[in-house]
Number of protein chains: 2
Amino acid sequence: MIDPGFGVSIPRLYAYHRALQQAAAEGKSTITSHSLAALLGQTIAPTQIRKDLCALGAHGRRGHGYAVKPLRGHLAWVLGLERDWRIAVVGFGYLGHAFATFITARETRFSVVSLFDRSPHVVGQVWQGVRVRDVAQLQRVLRGTPCDIGVIAVPSQAAQDVAELLAASGVRAILNFAPTTLQMRATQTPVVVRNIDLAGELSILTHRLSVGSMPAVEEA
Amino acid sequence: MIDPGFGVSIPRLYAYHRALQQAAAEGKSTITSHSLAALLGQTIAPTQIRKDLCALGAHGRRGHGYAVKPLRGHLAWVLGLERDWRIAVVGFGYLGHAFATFITARETRFSVVSLFDRSPHVVGQVWQGVRVRDVAQLQRVLRGTPCDIGVIAVPSQAAQDVAELLAASGVRAILNFAPTTLQMRATQTPVVVRNIDLAGELSILTHRLSVGSMPAVEEA
DNA sequence: AAATGTGAAGAGGTTCACAGCG
DNA sequence: CGCTGTGAACCTCTTCACATTT
C-alpha cells in the first residue's frame, strides 16, 4: 500500500525524508523520534513522528530508534521519489529559469525535458541541452514526448489557458506559480494542481508582523 | 483587533483578498459567499467563507452579499498589506533574481531595497537601481537601512548562517527558499520564519501521482 | 426569496499516558 | 532503563441545519 491512509500529512513525510538525508550525511545509521524532532527544529512532536511512521508501516527498534537508511527508502517510496519524473516548464522568464535550474541541480529524479515560452526573444534559446519551444507547439511536442508534471511560470492572464493546454496534453500534475485560481474542470484522468503563491507567502509574514507577537517559528 | 483569533487561516484570507481584487477588476461592487467560492474554484465552502468573514467583523447584507471594496480593504488591513514593507534578498542567483523581479512587478507595497550575494561575479551588479552587496557587509548595511523581511535564496549550507545574520540585523521575518530547517533560537524580538521548499512541493505532486486517484484539485 | 449569521454536530488531526519490547 | 507503539482524551477546524434579516 502506497497511500499512508489518514492522519498522515505529506508535507510532514517530506520533512522527515529531508531530515533523514541530513542524518545519513552526518553518518548516523540510527535515529530516535526525539532526535528527529530536534533536526526539524522541534516543529513536530516526537509522538507525532512515531504515529506517522507507524501508520506507514515503518517500524523502529524499541530502546534504539529507527534505522536511517531503510526508513529513508521507505519514505522515498511513499513520496513517489523512487522513480524519475519528467517535467515541462511553461514560461521561461526569471521564475521558470530559476525553477528549472534549482530543481535540476538539486533533485536527480526530476528532469526538465521541455521548455516553453511565448516571447520570440526566448523561443529558440537552449538551456542545458533543451531548446525552448513556442507555447503554440506545446500540445504537439508533449504528444511526442509526454511529461508527468507541468510547471506554470507565466503571467496570471495566461495561466488558465496554459493549464488547459497542459491538461489536454496528458500532463497529470501541475505546479502553478501564477497568482490565479486555476479552474480545472473534472476530466477522465484528473489533474492534480498545487499552487505556490509567492506574494501569498509574504502576506503570511506581514500578517504575523502586524499582529506582532506569537510563537517564534512556523513551518511551511 | 488585528488578529482574527482562531479558526481562521491566513492563507484562506489571502485567497479571499486575491479573489476580491479580481471581482473588483471585473467591475463587481457586491459579491456573495457563493460566488466568491466559485472564484476560488470551489475549494472553499460558502459556509466557511461566511464564518471567516464574520469572525473578522466583516459583515454583509443579508439577501445581497458583501460589498467588495470595503471587504477587500478590511482583509488587506488584517493581512498587513496596507503599509509598505522593506525586503532584503540574500543570494542573488536565479532564484533571488526571480523573486525580486516577480514581487516588485506584482506587489507595490513590497519593495526590495537590499540585495546580497557572496560571489564576486555578482557583487557590484545593479538591479533596478539597487547595487548587490557582499554578504559580509549585510549586518552593516542593514544597520543603516533596516528591513522588515529577509529572503534567503542561497544554497542550503549557507542558509543557517544567513538566517542568524539576518536575525542579528534586526530583520523580523524570513522567507526561506533553502531546503533546510533553520534552527532559530528564541530571541527578544522573535523572528517569524516561513519556508518554501520547491522540491517538497513537487513531492506532494509525485506522491499524488503515485497513489493515482483522489480528488481533482488541491490548494496551496 | 435570497443571502447572511451561528449554534450544534461531525471529522480530522494532535497530544497524553502508558503499555510493550529490546 | 530507553524508546517505540497505540488507544483514548483532547482540541481544532469544517460542515450542517436553520433562524434571521433585508
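Both backbone and side-chain heavy atoms feed into the values below; hydrogens, waters and symmetry mates do not. Naming: A, B, ... by sequence-line order, numbering from 1 per chain.
- Here the two rings, on B/F99 and B/F177, have centers that are under 6.0 Å apart.
- Rounded to whole Å, atom P of D/dC13 lies 15 Å from atom CD1 of B/I44.
- We find that CD of B/Q48 is positioned 16 Å from P of C/dG7, with the value rounded to whole Å.
- Checked against salt bridge (charged side-chain N to carboxylate O under 4.0 Å, His left out), A/R12 has the following partners two or more places apart in sequence or in another chain: A/D52.
- Side-chain proximity of A/A45 to the nucleotides C/dT6, D/dT15, C/dT15 is greatest for C/dT15.
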Quiz item: Using a cut-off of 4.0 Å between protein heavy atoms and nucleotide atoms, how would you tag nucleotides 17-22 of chain D 5' to 3' with B, S and -?
Solution: B--BBB
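- Side-chain atoms of B/T30 come within 3.5 Å of backbone atoms of B/Y66 as a donor-acceptor pair (strictly under, hydrogens ignored).
- Between B/D52 atom CG and D/dT15 atom P there is a gap of 11 Å when expressed in whole angstrom units.
- For A/A98, the side-chain contact (heavy atoms from CB on, under 4.5 Å) criterion is met by B/Y94, B/L95, B/A98, not counting sequence neighbours.
- With sequence neighbours excluded, no residue forms a side-chain hydrogen bond (donor to acceptor under 3.5 Å, both in side chains) with B/S9.
- Looking at residues two or more places apart in sequence or on another chain, you find a side-chain contact (heavy atoms from CB on, under 4.5 Å) between A/L165 and A/V135, A/L138, A/Q139.
- Within residues 25-34 of chain B, the residues having any heavy atom closer than 4.0 Å to DNA chain C are, in order of number, B/T32, B/S33.
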Practice problem: Show your reasoning for whether side chain to side chain donor-acceptor pair (under 3.5 Å) applies to B/T206 and B/S203. | Solution: CA-CA 5 Å; B/T206 58; B/S203 332; 4.9 Å; no
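- When rounded to the nearest whole Å, the span between CG of A/L56 and P of D/dT4 equals 15 Å.
- Note on ring orientation: taking the six-membered ring where Trp is involved, the planes of A/W77 and A/H74 are perpendicular (angle over 60°, cut-offs 30° and 60°).
- The aromatic rings of B/H97 and B/F92 lie parallel to each other, with less than 30° between the two planes, well short of the 60° mark.
- Evaluation of the side-chain contact (heavy atoms from CB on, under 4.5 Å) rule for B/P46 yields B/S33, B/H34, B/A37, B/R50 as partners, not counting sequence neighbours.
- If you measure from atom CG of A/L53 to atom P of D/dT4, you get 9 Å, rounded to the nearest angstrom.
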Any N/O pairs under 3.5 Å between the protein and nucleotides 8-12 of chain C? List them or say none.
residue	atom	partner	partner atom	Å
C/dA8	N6	B/K51	NZ	3.4

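- Distance, B/I49 CD1 to D/dC13 C1': 15 Å, rounded to whole Å.
- Closest non-hydrogen pair, B/D197 versus B/P179, comes out as OD2-CB, 3.8 Å.
- With sequence neighbours excluded, the residues satisfying side-chain contact (heavy atoms from CB on, under 4.5 Å) with A/E26 are A/Q22, A/K28.
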Quiz item: So what's the dot-bracket for DNA chain D: Watson-Crick or G-U pairs under 3.5 Å, [ ] if a pair crosses, | if it pairs off-strand?
Solution: ||||||||||||||||||||||
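- An OP1 or OP2 oxygen of C/dG13 is reached within less than 4.0 angstrom by no side-chain nitrogen or oxygen of A/R12.
- Every residue meeting the salt bridge (charged side-chain N to carboxylate O under 4.0 Å, His left out) condition with A/R83, not counting sequence neighbours, appears here in chain and number order: A/D148.
- Rounded to a whole Å, the CG atom of B/L13 is 12 Å from the P atom of D/dC13.
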Distance-only donor-acceptor pairs under 3.5 Å for side chains of residues 106-114 of chain B, two or more places apart:
residue	atom	partner	partner atom	Å
B/R109	NE	B/D84	OD1	3.0
B/R109	NH2	B/E82	O	3.2
B/R109	NH2	B/D84	OD1	3.3

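- Residue B/H59 places at least one side-chain N or O closer than 4.0 Å to OP1 or OP2 of C/dG5.
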